[in-house]
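Note sheet for the following structure.
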Amino acid sequence: MIKNKVVLIILGLTIVTLFLSGCGDDEVTIPIGDNGDSVSVGGDEGSEVKLESENGEGVSVSSSQELPEEFPEEIPFPGEYKIISTVQVNEGDTNGLTVSYLTESVNVDEIMDMYKAFMNENEYKLVSEMNMNGINSLSFHNDKLAINTSAVPEDSGIMVNLSVSFVGQ
C-alpha cells in the first residue's frame, strides 16, 4: 500500500518537475509534515525529484536526454538513434533506468532481433515476448539485470523504450 502511494507521488511530482525544469538550475526542497520528510525538485542535470524521509531513506527520479552513467554499456543500441528521454529511479534496493529513443536506421523487427541476439549471447532467460498490432515487446533477465524493451512504429521512426532494473543491488 505504501509503495503504491510512493509511485503515485513520484508520478505526480515528475509532472511537476517537467514544468519546473525550465525555471532554472537550482534545486528546491520542500519539507513535508513534522517528521523531517522532504521533496526536492530540480537541479542542474536535467530534472530530478527526490522524496526523502527523516532517516535518509527515499526515492529519487531523474530524467534527461543523456544516457545515464550507470546504464550498462553492454546493452546494444542501433547504429543511429536519438535519446528522447531517460528516467532513473532509486528506492532503497530498487534501482532502475528507462531510456526512450527514436531510430530511423532500422525497423521494428531488426530492433527486436538485436535484443533477442543480445539476450541469447549473454545467457539471459526469456520472461515474455509479444507482437500485437505493431507493438513489440521483449522481457528477459539474468542474475544481475532485468530488461524490458518495446518498439512501436511512429511517423518519425521507431520509438523504443528500454527499461533496466538492477537485481539484488
Side-chain angles (χ1 to χ4, degrees), residues 1-18 27 37-41 43 45-79 81-103 106 108-132 134-152 158-169:
M1 185 76 140
I2 291 175
K3 285 198 178 215
N4 290 339
K5 281 185 175 180
V6 169
V7 170
L8 289 174
I9 290 170
I10 290 171
L11 290 175
L13 291 174
T14 300
I15 293 169
V16 170
T17 300
L18 294 174
E27 181 177 285
D37 295 348
S38 66
V39 175
S40 299
V41 180
E45 297 291 326
S47 301
E48 184 170 19
V49 174
K50 292 185 227 174
L51 300 172
E52 190 170 305
S53 67
E54 177 181 15
N55 61 7
E57 293 180 357
V59 177
S60 67
V61 177
S62 60
S63 66
S64 74
Q65 290 183 324
E66 301 291 324
L67 195 60
E69 187 176 299
E70 298 85 2
F71 194 86
E73 61 186 47
E74 67 270 15
I75 296 176
F77 286 87
Y81 64 95
K82 178 183 177 188
I83 294 178
I84 304 301
S85 69
T86 64
V87 175
Q88 186 169 359
V89 177
N90 299 306
E91 177 189 7
D93 291 340
T94 304
N95 297 303
L97 305 164
T98 298
V99 176
S100 298
Y101 67 88
L102 189 64
T103 184
V106 293
V108 171
D109 291 335
E110 291 168 321
I111 290 282
M112 298 316 286
D113 288 345
M114 176 181 69
Y115 289 115
K116 285 179 192 175
F118 169 77
M119 176 185 73
N120 292 328
E121 291 166 6
N122 293 281
E123 300 180 5
Y124 281 83
K125 294 178 184 174
L126 179 65
V127 175
S128 68
E129 182 175 2
M130 182 187 79
N131 180 348
M132 187 168 61
I135 300 171
N136 291 267
S137 68
L138 183 66
S139 298
F140 49 96
H141 70 90
N142 64 14
D143 60 342
K144 295 181 182 176
L145 299 173
I147 301 172
N148 298 300
T149 186
S150 63
V152 180
I158 307 301
M159 177 59 73
V160 179
N161 290 305
L162 183 60
S163 296
V164 178
S165 297
F166 299 92
V167 178
Q169 292 185 3

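Bear in mind that the values here come from a model prediction, so they are computed numbers and not experimental data.
Considering every non-hydrogen atom in both P72 and L97, the closest pair reads CD-CD1, 4.5 Å. What you find for Y101 and I83 is that their closest heavy atoms are CB-CA, 4.0 Å. Across every non-hydrogen atom of M159 and L102, the tightest pair is N-CD1, 4.0 Å. Shown here for I75 and F71, the closest heavy-atom pair between the two residues is CB-CE2, 3.9 Å.
The distance from the CG atom of D109 to the CG atom of N131 is 7.0 Å, given to the nearest 0.5 Å. Atoms CD and CG, on E74 and L145 in that order, are 6.0 Å from each other to the nearest 0.5 Å. To the nearest 0.5 Å, atoms OG (S150) and CE (M112) are separated by 7.5 Å. Rounded to the nearest 0.5 Å, atoms OG (S128) and CG (L138) are 7.5 Å apart.
Using a 4.5 Å heavy-atom cutoff, the side chains of V167 and D143 are not in contact. Residues V160 and M114 fail the side-chain proximity criterion, which asks for heavy atoms closer than 4.5 Å. Looking at L126 and K116, their side chains never come closer than 4.5 Å, going by heavy atoms from C-beta outward. Annotation: side chain of V106 is not in contact with side chain of Y81 (no heavy-atom distance under 4.5 Å). Side-chain contact between N122 and N142 is absent, with no heavy atoms from C-beta onward closer than 4.5 Å. Side chains of N148 and S137 form no contact here, defined as non-hydrogen atoms less than 4.5 Å apart.
Between the side chain of Q65 and the backbone N or O of I84, at least one donor-acceptor pair lies under 3.5 Å. Here the side chain of Y115 pairs a donor or acceptor atom with the backbone of P76 at under 3.5 angstrom. Listed for the T86 side chain is a donor-acceptor partner under 3.5 Å among the backbone atoms of E66.
Within 6.0 Å of the CE atom in M130, the count of heavy atoms belonging to other residues, nucleotides or ligands exceeds 12. The environment of CD in E69 is sparse: at most 12 heavy-atom neighbours from other residues, nucleotides or ligands sit within 6.0 Å.
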Chi angles and distances behind the side chain to side chain contact (heavy atoms under 4.5 Å, CB included) call for T103, E110
CA-CA 11 Å; T103 184; E110 291 168 321; over 6 Å; no
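Between Y124 and F118, the ring planes are tilted. Angles from 30° to 60° get that label.
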